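Okay, so here's the structure we're looking at.
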Amino acid sequence: MKLTHKQVLSRAKASDLENVRKLNCWGSRLTDISVCHELPNIEVITLSVNNISTLEPISYCHNLTELYLRKNNISSLNELNYLKPLPRLKILWLSENPCCGADPQKYRMTVLRNLPNLQKLDNQVVTEEELTQALTDGEELTDPQTKISNSDNTLVESSTDQNCSTRESENDLLNFSMEETNKIREQLGMKLLTRDKFSSFSSPTDGEGGRKKRNNILNAVLLLLKDLDTEGLEIVQRTAGQRLHQLQKRELQQES
């Protein structure tokens with residue numbers, strides 16, 4: 001069953017979709033929530049006890065703070081990638097979905113590793129200790145085009161067409177020079193690279209395409225920082241700190 005514009009306006013008691021702030025569609029046998037593409041200002045969505053299988057439409061709800069999805073048909077934790085662009089999401093209830101698997105601890109650690117800004121998961125408060133533990137015990141999810149099987153959490157590659165499209169996109173990335181790279185590093189307060197070290201900045205395994213992609217992403221992040229408010233910057237700072245801690249720990253393990 002598809003959630004329609006009319007149903008949304010009726011349940012939310014709103015005059016138009018942009019004014020919808022809260023929506024409760026508990027137990028409505030829903031399978032299609034594509035109307036969420038048109039709910040940019042919604043803050044709370046209750047979709048528990050339905051037959052929803054993808055979270056892609058919710059990725060457009062950038063002001064979302066609470067999402068209730070208990071007892072649906074979410075089969076892969078990779079669907080969480082659609083929630084990563086939601087900086088204000090604090091409460092998520094995802095239990096009793098197929099993606100939760102047979103190991104509740106592994107499931108919780110994986111969710112928190114990929115959504116570290118959550119304050120409550122499945123009606124349980126998230127602690128700082130859990131967030132730290134999630135960096136080592138949780139799975140780092142790939143993009144939504146790949147899937148994780150429930151039995152062994154192995155990655156299944158997407159179709160050949162999707163892989164070709166990804167390679168073409170990477171080949172189209174801008175070619176940043178050493179001067180441009182150092183300009184970005186200077187803005188971040190990082191040490192500038194000399195010409196003899198510039199080649200080592202991009203690891204050999206990444207190749208030219210990997211360096212272009214990383215630099216392009218970094219430049220985009222710097223541009224976005226200018227538009228963030230205090231809350232947004234705090235989220236970025238906390239997430240970056242957790243990621244840095246994870247990388248430093250990995251480096252220490254490699255050296256030992």
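Values in this document were obtained by computation on a predicted structure and should not be read as measured data. Computed over heavy atoms, backbone and side chain alike; hydrogens, waters and symmetry mates excluded.
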Exercise. Within a reach of under 6.0 Å around CD of E96, are more than 12 heavy atoms found that belong to other residues, nucleotides or ligands?
Worked result: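 Enclosed.
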
What's the shortest heavy-atom distance between [X] and [Y], and which atoms?
X	Y	answer
Y82	P85	O-CD, 3.3 Å
L86	S59	CD2-O, 3.7 Å
C25	L3	SG-CD1, 3.8 Å
L94	L77	CD2-CD2, 4.4 Å
S95	C100	CA-SG, 3.8 Å
K84	N114	NZ-OD1, 3.2 Å

Taking atom [atom1] of [X] and atom [atom2] of [Y], what is their separation to the nearest 0.5 Å?
X	Y	atom1	atom2	answer
I58	L47	CD1	CG	5.5 Å
L121	K90	CG	NZ	14.0 Å
N51	I74	CG	CD1	10.0 Å
L39	N63	CG	CG	11.0 Å
L55	C99	CG	SG	8.0 Å

Pairing donors with acceptors under 3.5 angstrom, does anything connect the side chains of [X] and [Y]?
X	Y	result
S28	W26	no
K71	N97	no
D122	Y107	yes

Group every Ile, Leu, Val, Met, Phe, Trp and Tyr by side-chain heavy-atom contacts under 4.5 Å, then state whether [X] and [Y] land in the same group.
X	Y	result
V111	M109	yes
L9	I42	yes
I91	L69	no
L141	L131	yes
W93	L83	no

Are any non-hydrogen side-chain atoms of [X] and [Y] less than 4.5 angstrom apart?
X	Y	value
E43	L64	no
V8	V20	yes
I52	T31	no
L92	L115	yes
P40	H62	no
Q133	E128	no
C36	C61	yes
L23	R11	yes

State whether the side chain of [X] and the backbone N or O of [Y] hold a donor-acceptor pair below 3.5 Å, judged by distance alone.
X	Y	result
D32	K2	no
Q7	T4	yes
N41	E18	yes
N24	I45	no
N117	R88	no

Problem set entry | E56 vs H37, side-chain contact (heavy atoms from CB on, under 4.5 Å): CA-CA, chis, key distance, verdict | CA-CA 9 Å; E56 186 275 335; H37 288 154; 3.0 Å; yes

Exercise. Thinking salt bridges, do E130 and R108 make one under a 4.0 Å N-O criterion?
Worked result: yes

Exercise. Please walk me through it: do T110 and D137 pass side-chain contact (heavy atoms from CB on, under 4.5 Å)?
Worked result: CA-CA 7 Å; T110 297; D137 294 353; over 6 Å; no

Exercise. Please walk me through it: do Q119 and V126 pass side-chain contact (heavy atoms from CB on, under 4.5 Å)?
Worked result: CA-CA 5 Å; Q119 296 178 355; V126 175; 5.6 Å; no

Problem set entry | Pair R21-V44, side-chain contact (heavy atoms from CB on, under 4.5 Å): steps then yes or no | CA-CA 7 Å; R21 296 294 187 273; V44 180; over 6 Å; no

